[in-house]
Amino acid sequence: MTVTEQPAEPAHERVNRRWNEILQETRVTQTGVQILFGFLLSVAFTPLFRELETLDRAIYVTTVVLGAAATGALIAPVSIHRFLSGQRMKDELVEAAGRLMMCGMVLLALTIGCTLLLILRFVVPGVLAEVLVSGVMLWFGLCWYALPLYLRRRSDRRSRTADA
């Protein structure tokens, strides 16, 4: 066995490890999305909200709906676990929770992007708000999706090379 090779992980240990990882990831994202969603809900009750133009109101409504959807997706693994606990369905639970987390992360990124757009439209002139938000969304895409996919492909290439 070379230094980079790991001993085979038994299936029950792998699914338990993956579930614990999802729990940790869920804790981080749930807190962030709940704080953001709470902030978004409070905006409608500020005096400045009444002065929003139609486009800004549409951005706000879209942002709140995306925030609610992100909250639902990121908290769903807890509910699924509660319903399925003890049913010997941990593989299915981990798979569903992982998919919900990915969906929730996309929704969270969109929520953050819309929140930035709403705020920056008041702070910076012209199309600069849209340019800045596009840059932030590109950054999220690179950090949250492109980099992990790149690392996965690189690892796959290395393991194929090592097997050859």
Side-chain angles (χ1 to χ4, degrees), residues 6 9-45 49 52 54-121 129-160:
Q6 300 283 330
E9 184 179 31
H12 73 280
E13 287 180 19
R14 184 183 74 251
V15 74
N16 286 334
R17 177 186 49 78
R18 289 182 64 212
W19 176 245
N20 286 329
E21 290 170 354
I22 285 174
L23 286 179
Q24 292 302 325
E25 294 163 1
T26 300
R27 286 184 184 112
V28 170
T29 56
Q30 281 177 354
T31 302
V33 76
Q34 288 171 336
I35 291 169
L36 178 58
F37 189 57
F39 163 75
L40 289 170
L41 292 176
S42 69
V43 168
F45 301 102
F49 185 78
L52 288 180
T54 302
L55 177 59
D56 293 320
R57 283 181 184 260
I59 294 169
Y60 174 77
V61 169
T62 301
T63 304
V64 169
V65 170
L66 286 168
T71 301
L74 293 170
I75 293 176
V78 175
S79 177
I80 292 172
H81 179 262
R82 219 16 46 223
F83 276 97
L84 300 180
S85 182
Q87 300 298 310
R88 299 180 189 273
M89 297 178 64
K90 195 171 268 184
D91 281 329
E92 293 88 346
L93 171 67
V94 167
E95 186 67 29
R99 290 179 190 271
L100 284 163
M101 290 291 296
M102 288 302 297
C103 178
M105 294 299 293
V106 169
L107 292 167
L108 178 58
L110 292 171
T111 303
I112 292 169
C114 286
T115 302
L116 278 173
L117 182 60
L118 189 62
I119 293 169
L120 292 178
R121 284 176 49 86
E130 289 83 1
V131 170
L132 290 171
V133 170
S134 296
V136 169
M137 297 308 292
L138 178 62
W139 180 247
F140 279 9
L142 290 170
C143 293
W144 291 7
Y145 303 102
L147 179 60
L149 290 173
Y150 166 76
L151 293 172
R152 177 186 282 179
R153 286 189 186 120
R154 190 173 77 175
S155 176
D156 289 347
R157 282 193 306 264
R158 284 184 181 164
S159 64
R160 281 193 303 265

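Quick note: numbers below take in every heavy atom, side chains included, and nothing from hydrogens, waters or symmetry partners.
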Looking only at non-hydrogen atoms, find the nearest pair between [X] and [Y] and report the distance.
X	Y	value
Leu100	Ala76	CD1-CB, 3.6 Å
Gly67	Val33	O-CG2, 4.1 Å
Met101	Thr29	CE-OG1, 3.7 Å
Phe37	Ala68	CE1-N, 3.5 Å
Trp144	Ile112	CH2-CD1, 4.5 Å
Gly98	Ile22	N-CD1, 3.8 Å

Candidates Thr63, Thr71, Leu116, Val65 - the one meeting side chain to side chain contact (heavy atoms under 4.5 Å, CB included) with Thr111: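 That would be Thr63.
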Name the residue from Leu55, Val61, Thr62 that meets the side chain to side chain contact (heavy atoms under 4.5 Å, CB included) definition with Ile59.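 So the option named by the test is Leu55.
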Side-chain (Ser42) to main-chain (Phe39) donor-acceptor, under 3.5 angstrom: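 The answer is yes, because a donor-acceptor pair under 3.5 Å joins these two groups.
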Quick one: does [X]'s side chain get under 4.5 Å of [Y]'s, heavy atoms only?
X	Y	value
Leu74	Thr26	no
Met105	Phe140	no
Arg18	Glu95	yes

Below 4.0 angstrom, N of the basic side chain to O of the carboxylate: do Arg17 and Glu13 qualify?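 No, this pair does not count.
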Does [X] [atom1] have over 12 foreign heavy atoms under 6.0 Å away?
X	atom1	value
Trp139	CH2	no
Arg99	CZ	no
Tyr150	OH	no

Only counting residues at least two apart or in another chain, list the ones meeting salt bridge (Lys or Arg N to Asp or Glu O under 4.0 Å) with Asp91.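 Here no residue qualifies.
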Calculate, to the nearest 0.5 Å, the distance between atoms CG and CG belonging to Leu36 and Leu108 respectively.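 Answer rounded to 0.5 Å: 7.0 Å.
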Atom NE2 of His81 and atom NZ of Lys90: how far apart are they, to the nearest 0.5 Å?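 If I round to the nearest 0.5 Å, the distance is 6.0 Å.
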Do the ring planes of Tyr60 and Phe49 sit parallel (below 30°), tilted (30 to 60°) or perpendicular (above 60°)?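 Tyr60 vs Phe49 ring planes: perpendicular.
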Pairs satisfying salt bridge (Lys or Arg N to Asp or Glu O under 4.0 Å), at least one member in residues 104-121, at least two apart: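 Sorted result for residues 104-121: Asp56-Arg121, Arg121-Glu130.
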